[in-house]
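Pasting a structure below so you can have a look.
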Amino acid sequence: MILLDGKKTSADLKIEIAESVKKIKAQGKKTPHLAAILVGTDGASMTYVNAKVKACELVGFNSTLVDLPEETSEEVLLNEIEKLNSNNDIDGFIVQLPLPKHIDEQKVLMAVNPDKDVDGFHPTNVGRMTLDLPSFLPATPFGILELLERYKVETSGKHVVVIGRSHIVGRPMSILMSQKRPAGNATVTVAHSRTKNLKELCLQADIIVAALGIPEFLTGDMVKDGVTVIDVGITRVKDETKKRGYRLAGDVEFSSVSQKSAFITPVPGGVGPMTIAMLMKNTLLACERKY
């Protein structure tokens, strides 16, 4: 069993991006600039945004954080987005999700300029991705593809089962892995909460992407020997033996599934770090395309 080490791979990627930034600066070109909008004080969101700001420092990007209170109106948020859209120094920006309930998430995502949408959530980028045209790929699926490529996991002609149909992970993952690309050319099945023969499908799968948000859902009896398993989930599970009173669990029961796996991502330290690294890569791409 080989661990698909997202922590190490993301560190390697950041070193590569930092080298590219050094060359850009040495040539007197513009330094890539990533901005983030954070609304409210959700603990997980604050952690993610801080990690993104630190990653910017590490690779040599400029970064801007627009920190707004929980009660910010939709109108004020849309105005802030417009400011970033029209600011030529900002190459890409993200609006950290989830947003407070009084704000229409879809309306907000639609307001982001597709050329600066480094999260890859705008319908223009989703459409371009679907048609296999140049676009910003959503950071988590992009990170999974990068992991599979770097560890030389064979995907061509393989049966991939994606559990989960979200617009952020499941749906784009299924599209990308069926396309002609290094970590692609696979036959993909998308499974979800209404799938009746899920265990049977998983037992046929060469590669499983678990992205449904249910801790330790995928168990050893659901996978065949030699499977590759990508665990996208991360949930806080109560655990009195831990100092913090909880532990982090993925969508995969690691102890039983890893016994049968050829490749598997750990939680934490698998897909999570890759997501931030690919956001940096998208920002670098945005800057290069523009200039």
Side-chain angles (χ1 to χ4, degrees), residues 6-7 9-40 42 44-68 72 77-99 105 108-122 124-126 128-129 134-143 145-146 168 172 271-291:
K7 201 172 177 184
T9 308
S10 70
D12 292 344
L13 258 164
K14 285 173 193 166
I15 290 166
E16 291 165 21
I17 293 166
E19 285 302 314
S20 296
V21 173
K22 274 183 197 167
K23 285 176 189 168
I24 287 168
K25 288 180 177 177
Q27 291 164 2
K29 293 178 183 174
K30 183 188 173 302
T31 301
H33 190 162
L34 174 68
I37 299 178
L38 176 64
V39 185
D42 177 77
S45 292
M46 288 169 82
T47 302
Y48 290 140
V49 168
N50 287 335
K52 288 161 187 172
V53 170
K54 279 180 190 166
C56 284
E57 285 171 22
L58 195 67
V59 300
F61 288 179
N62 292 331
S63 70
T64 297
L65 174 59
V66 180
D67 201 346
L68 302 170
T72 299
L77 176 55
L78 290 170
N79 284 338
E80 290 296 334
I81 289 170
E82 193 40 53
K83 283 180 198 171
L84 295 180
N85 281 339
S86 55
N87 183 340
N88 280 332
D89 192 52
I90 305 280
D91 299 299
F93 69 95
I94 61 151
V95 181
Q96 185 63 45
L97 304 178
L99 290 167
E105 216 164 80
V108 165
L109 295 178
M110 288 284 286
V112 177
N113 178 346
D115 292 335
K116 295 188 178 190
D117 167 41
V118 286
D119 255 338
F121 293 162
H122 194 282
T124 297
N125 279 317
V126 175
R128 291 182 69 84
M129 174 199 73
S135 66
F136 296 118
L137 302 183
T140 300
F142 196 9
L145 293 179
E146 192 77 19
I168 293 170
V271 173
M274 292 301 296
T275 300
I276 293 174
M278 301 323 279
L279 181 67
M280 300 298 117
K281 192 164 183 176
N282 273 344
T283 305
L284 180 62
L285 284 170
C287 186
E288 287 174 343
R289 279 179 193 167
K290 201 162 135 195
Y291 297 96

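Note that the structure is predicted; figures quoted are calculated from it, not measured.
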* To do: Calculate, to the nearest 0.5 Å, the distance between atoms CG and CG belonging to Leu34 and Leu279 respectively.
  => 5.5 Å
* To do: Can you run down the salt bridge (charged side-chain N to carboxylate O under 4.0 Å, His left out) pairs that involve residues 277-291, sequence neighbours left out, and say none if there aren't any?
  =>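 For residues 277-291, and leaving out neighbouring residues, the salt bridge (charged side-chain N to carboxylate O under 4.0 Å, His left out) pairs sorted by first residue read Asp91-Lys290, Glu146-Lys281.
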* To do: Evaluate the side-chain proximity of Thr31 to Ile24: yes if any heavy-atom separation is below 4.5 Å, no if none is.
  =>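 No, their side chains stay 4.5 Å or more apart.
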* Qualifying side-chain hydrogen bond (donor to acceptor under 3.5 Å, both in side chains) pairs with a residue from residues 47-57, counting only residues at least two apart or across chains -> Lys52-Gln96
* Close side-chain approach of Pro32 to Met280, heavy-atom, < 4.5 Å ->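 No, their side chains stay 4.5 Å or more apart.
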* Residues that Asp115 engages under salt bridge (Lys or Arg N to Asp or Glu O under 4.0 Å), provided they are two or more places apart -> none
* Asked: Looking only at heavy atoms, what is the nearest atom pair of Thr72 and Leu77, with distance?
  ->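 Result for this residue pair: CG2-N, 4.0 Å.
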* Stepwise side chain to side chain contact (heavy atoms under 4.5 Å, CB included) check, Ser10 with Ile276 -> CA-CA 8 Å; Ser10 70; Ile276 293 174; over 6 Å; no
* Asked: Under 3.5 Å, is there a donor-acceptor pair between the side chain of Asn125 and the main chain of Ser135?
  ->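 No, the answer is negative, given that no donor and acceptor are paired below the 3.5 Å cut-off.
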* Going by heavy atoms in the side chains, are Met278 and Leu145 under 4.5 Å from each other? ->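 Heavy-atom side-chain distance check fails, nothing below 4.5 Å.
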* To do: Would you name the heavy atoms of Arg128 and Pro134 that are closest together and state the gap between them?
  => NE-O, 2.7 Å
* Asked: Considering all heavy atoms of both residues, which atom of Lys116 and which atom of Asn85 are nearest to each other, and what is their separation?
  -> NZ-O, 3.1 Å
* To do: Provide the closest heavy-atom pair for Pro98 versus Glu105 in the form atom of the first, atom of the second, distance.
  =>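 Shortest heavy-atom separation between Pro98 and Glu105 comes out as CA-OE2, 3.7 Å.
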* Asked: Minimum heavy-atom separation for Lys30 to Asn88, with atom names?
  ->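 Scanning both residues, the minimum pair turns out to be CE-O, 4.0 Å.
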* Asked: To the nearest 0.5 Å, how far apart are CG in Leu84 and CG in Asn79?
  ->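 So the CG of Leu84 and the CG of Asn79 are separated by 11.5 Å.
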* Asked: If you look at every heavy atom in Asp67 and Gly40, which pair is closest and at what distance?
  -> OD1-O, 4.5 Å
* Asked: Going by heavy atoms in the side chains, are Phe93 and Ile81 under 4.5 Å from each other?
  -> yes
* Looking at CG of Leu38 and CG of Leu68, how far apart are the two atoms once the value is rounded to the nearest 0.5 Å? ->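 It comes to 8.0 Å.
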* Val118 pairs by side chain to side chain contact (heavy atoms under 4.5 Å, CB included) with which of Leu284, Leu285, Leu137, Asn282? -> Asn282
* Is Leu97 close to Phe121 at the side-chain level, that is, under 4.5 Å between some pair of heavy atoms? ->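 Phe121 reaches Leu97 side chain to side chain.
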* Asked: Counting heavy atoms not belonging to Lys25, are there more than 12 under 6.0 Å from its NZ?
  -> yes
